[in-house]
Amino acid sequence: MPELPEVETTLRGIEPSLQGRVIKQVRVRNAALRWPITREVQQAVGQTVQGLRRRAKYLLIECDSGGLMCHLGMSGSLRICQDGDPPRKHDHFDLVLDSGDCVRFHDPRRFGALLWWNPPWQEHVLLRELGPEPLSTEFDGSYLWRRSRGLQVAVKNFIMNGKIVVGVGNIYAAEALFMAGIHPSRAAGRIALERYRGLATTIKDVLAHAIRRGGTTLRDFHSASGEPGYFAQELLVYDREGHGCFQCQAPIRRSVIGQRSSYYCPQCQR
DNA sequence: CGAGGGACCTGGTTGC
DNA sequence: TGCAACCAGGTCCCTC
């Protein structure tokens with residue numbers, strides 16, 4: 001479900017309910033997420049939420065000292081409800097606030113995570129080695145070009161590698177490569193600087209545009225308020241196998257690259 | 001070091 | 001209708 005735009009949409013949705021509130025309770029119904037939820041997260045109890053931020057696809061809830069860190073994995077979502085609303089299946093934890101609101105985490109596949117971090121969050125082991133944010137100025141074509149020299153890996157895997165750049169998931173990798181006219185299985189080290197300039201631009205464009213649209217809803221993504229995202233209607237290649245390319249009418253192809261489905265136009269992408 | 005594959009989970013869809 | 005196979009938005013970790 002969640003790529004960077006969906007995480008950003010979620011953050012914006014829960015922020016008004018969390019900002020400045022005291023966390024009264026961290027209620028764990030099922031600790032068996034990607035990593036077991038530990039007792040450390042109870043340090044949040046009694047602390048005031050100072051702010052929310054996103055790093056890669058991690059949501060950080062900054063408290064007075066330290067904070068919580070949540071990842072939505074493949075199928076996770078956070079929504080605001082009232083403490084006392086009956087939990088549904090797969091509602092694994094709640095952050096109960098002094099307002100009576102409750103931030104509720106739902107995740108059928110349980111690839112998500114809830115962790116505690118001690119400051120500075122930048123040094124957390126899961127965040128320390130991450131590449132730049134795609135929407136930052138340090139991420140550009142020359143950065144991609146520099147990092148890719150000598151690499152044989154497919155460019156699609158390259159841009160989905162969080163040590164290179166964060167937040168580019170399977171959907172938006174396919175979309176950005178199509179818009180840049182680059183074949184997803186081309187070796188990353190065999191792409192010229194000019195083409196990387198184009199790719200960095202399309203990555204920024206597709207992510208920024210999807211955020212404005214409230215994320216992509218393919219199956220079940222809903223924002224914190226329950227609204228679906230509206231980007232799915234605008235996908236150019238993702239999940240369009242056999243349908244005509246919007247640019248040249250050739251049938252869109254699907255192939256597996258790095259164990260993930262990859263969609264591309266065999267005519268427009270080289 | 002880079003590249004590739006398995007692992008973690010549940011549920012929806014597809015095809016026999 | 002039943003059941004098995006396959007597929008899914010992420011990413012860490014192991015092996016070669």
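Values below: all heavy atoms of this structure, side chains included; hydrogens, waters and symmetry mates excluded. What you see is a predicted model, and the numbers here were worked out from it, not measured in a lab.
- Computed from coordinates, the A/R240 CZ to C/dA8 C1' distance equals 19 Å when rounded to whole Å.
- The distance between atom CZ of A/R54 and atom P of C/dG10, rounded to the nearest whole Å, is 14 Å.
- Protein atom CG of A/D107 is 12 Å distant from nucleotide atom C1' of B/dC8, rounded to whole Å.
- Nearer to the 5' terminus of DNA chain B, by closest-nucleotide assignment, is the contact made by A/A154 (compared with the other of A/A154 and A/R109).
- Relative orientation of the A/H106 and A/H90 rings is perpendicular, given thresholds of 30° and 60° on the angle between their planes.
- Around the NZ atom of A/K24, the shell of radius 6.0 Å holds no more than 12 heavy atoms that belong to other residues, nucleotides or ligands.
- Rounded to whole angstrom, the span from the CZ atom of A/F105 across to the C1' atom of B/dT10 amounts to 13 Å.
- Considering only the side chain of A/Y238, C/dG9 comes nearest among C/dG10, B/dT10, C/dG9.
- Residue A/S261 places at least one side-chain N or O under 4.0 Å from the OP1 or OP2 atom of C/dA8.
- Atom CG of A/N157 is separated from atom C1' of B/dA3 by 9 Å (rounded to the nearest Å).
- For A/D239 and B/dG12, the CG to C1' distance is 13 Å, given to the nearest whole Å.
- The side chain of A/K57 lies closest to C/dT11 when the candidates are B/dG11, C/dT11, B/dA3.
- Counting non-hydrogen atoms of other residues, nucleotides and ligands closer than 6.0 Å to CH2 of A/W145 gives a total of 12 or fewer.
- Between B/dC9, B/dA3, C/dC12, one nucleotide has an atom nearer to the side chain of A/Y58 than all others, and that is C/dC12.
- Two residues, A/R34 and A/L151, neighbour DNA chain B, and the one matched to the more 5' nucleotide by heavy-atom proximity is A/L151.
- Spacing of P atoms, C/dG9 relative to B/dA3, comes out at 22 Å, to the nearest Å.
- The base of B/dG6 sits with one of its N or O atoms less than 3.5 Å from a complementary donor or acceptor on the side chain of A/Q259.
- A/Y58 and A/R54 form no side-chain donor-acceptor contact under 3.5 Å, judged by distance and modelled atom types alone.
- By the criterion of a centre-to-centre distance under 5.5 Å and near-parallel planes under 30°, the ring of A/F111 forms no stack with the base of C/dT11.
- In this model, no side-chain donor or acceptor of A/R110 finds a partner on the base of B/dC9 within 3.5 Å.
- Remark: B/dG11 base-pairs with C/dC7; criterion is Watson-Crick or G-U wobble with both hydrogen-bond distances under 3.5 Å.
- Atom CZ in A/R260 sits roughly 17 Å away from atom C1' in B/dA3 (whole-Å rounding).
- A close approach under 4.0 Å does not occur between any side-chain nitrogen or oxygen of A/H90 and OP1 or OP2 of B/dC9.
- A/K163 comes within contact range of no nucleotide atom at all, as no heavy-atom separation falls under 4.0 Å.
- Phosphate contact (OP1/OP2 of B/dC1, side-chain N/O of A/R149, threshold under 4.0 Å): absent.
- For the pair A/D98/A/I23, no side-chain contact is recorded, criterion being any heavy-atom separation below 4.5 Å from C-beta on.
- Residue A/H71 places at least one side-chain N or O under 4.0 Å from the OP1 or OP2 atom of C/dT11.
- Distance from the side chain of A/E3 is smallest to C/dG10 among B/dA3, B/dT10, C/dG10.
- Other residues, nucleotides and ligands contribute more than 12 heavy atoms inside 6.0 Å of the CZ atom of A/R29.
- The CD1 atom of A/I257 sits 16 Å away from the C1' atom of B/dG5 (whole-angstrom rounding).
- When each of B/dA3, C/dG10, B/dG11 is scored by its nearest atom to the side-chain atoms of A/M160, the top-ranked nucleotide is C/dG10.
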